[in-house]
Amino acid sequence: MKYKYSFLLLLLILINCEKSNEPLISEETLIVGKWELTEAYISAGGPQYWIDVENGHDINFLENGTFTSSRFTECTTGNFSINENKLLLKYNCQDFHSESENEQGYITYDLEFYSDYFIVSPTSGPICNEGCSYKYQKK
């Protein structure tokens, strides 16, 4: 009988410790840290598929709402916010503009956040016809 309860307890612990593959509710505190672009979800006119990105750019989100990024050589700093699973990036270099910006100067993405990675899909600038997404892993 003692073993039966021990087995049940162990089983419950293992079930509760499994990593969930469900997206988390996105908020600024979860994204704080250094991330690297590792994969892209693309299509060449057919079904979409993930490809590895070699030497993907880094982005570092800080607790004070700022970020640094190696995506653009002309500008590497800015401010970020997350609102209703949307990531908004505003680069703060004078005279810097990207084709990915919206009318207000933000680069915007739909955001799906998981425990050790997040996926963004562009919502400003040129949008992929078949859809595209980018996966960032925590460094």
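If you're wondering where the values come from, they're calculated on a predicted model, not measured in any experiment.
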Using side-chain heavy atoms (C-beta onward) and a distance below 4.5 Å, is [X] in contact with [Y]?
X: E74; Y: C93; value: no
X: L89; Y: Y109; value: yes
X: I31; Y: F80; value: yes

Next on the checklist: Parallel, tilted or perpendicular, judged at 30° and 60°: which one describes the rings of F113 and W35?
Outcome noted: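 Judged by the thresholds at 30° and 60°, the geometry between F113 and W35 is perpendicular.
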Next on the checklist: Which label fits F118 and Y136: parallel for a plane angle under 30°, tilted from 30 to 60°, or perpendicular past 60°?
Outcome noted: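 Judged by the thresholds at 30° and 60°, the geometry between F118 and Y136 is parallel.
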Ignoring hydrogens and angles, state whether a donor on the side chain of [X] or [Y] is under 3.5 Å from an acceptor on the partner side chain.
X: S133; Y: S121; result: yes
X: T108; Y: T123; result: yes
X: T66; Y: N64; result: yes

Calculate, to the nearest 0.5 Å, the distance between atoms [atom1] and [atom2] belonging to [X] and [Y] respectively.
X: E36; Y: K139; atom1: CD; atom2: NZ; value: 4.5 Å
X: L111; Y: L30; atom1: CG; atom2: CG; value: 9.5 Å
X: F61; Y: I82; atom1: CZ; atom2: CD1; value: 7.0 Å
X: E54; Y: L37; atom1: CD; atom2: CG; value: 12.0 Å
X: R71; Y: D58; atom1: CZ; atom2: CG; value: 13.5 Å
X: K34; Y: L62; atom1: NZ; atom2: CG; value: 10.5 Å

Within the distance-only criterion (no hydrogens, no angle test), does the side chain of [X] pair as donor or acceptor with the backbone N or O of [Y] below 3.5 angstrom?
X: K138; Y: S115; answer: no
X: N102; Y: G105; answer: yes
X: S124; Y: S100; answer: yes

Checklist entry - Using links of under 4.5 Å between side-chain heavy atoms of ILVMFWY residues, direct or through other members, which residues join Y106 in one cluster? => result L88
Item to check | T76, T68, T77 screened by side chain to side chain contact (heavy atoms under 4.5 Å, CB included) with N60, the one that passes | outcome: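 One option only clears the test, and that one is T68.
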Next on the checklist: Using side-chain contact (heavy atoms from CB on, under 4.5 Å), reason through I107 and S98 one step at a time and then give a plain yes or no.
Outcome noted: CA-CA 8 Å; I107 299 175; S98 164; 4.2 Å; yes
Next on the checklist: With a sphere of 6.0 Å drawn around CD of E63, does it hold more than 12 non-hydrogen atoms of other residues, nucleotides or ligands?
Outcome noted: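 Open: at most 12 neighbouring heavy atoms sit under 6.0 Å from CD of E63.
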Checklist entry - If you draw a 6.0 Å radius around CD in E99, do more than 12 non-hydrogen atoms from other residues or ligands fall strictly inside? => result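 Count not over threshold, so no.
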For a quick test of your reading: what N or O donor-acceptor pairs under 3.5 Å do the side chains of residues 39-50 make, sequence neighbours left out?
{"from": "E39", "atom 1": "OE2", "to": "K135", "atom 2": "NZ", "distance (Å)": "3.4"}
{"from": "S43", "atom 1": "OG", "to": "G45", "atom 2": "N", "distance (Å)": "3.2"}
{"from": "S43", "atom 1": "OG", "to": "G46", "atom 2": "N", "distance (Å)": "3.2"}
{"from": "S43", "atom 1": "OG", "to": "G46", "atom 2": "O", "distance (Å)": "2.5"}
{"from": "Q48", "atom 1": "NE2", "to": "E130", "atom 2": "O", "distance (Å)": "2.9"}
{"from": "Q48", "atom 1": "NE2", "to": "G131", "atom 2": "O", "distance (Å)": "2.7"}

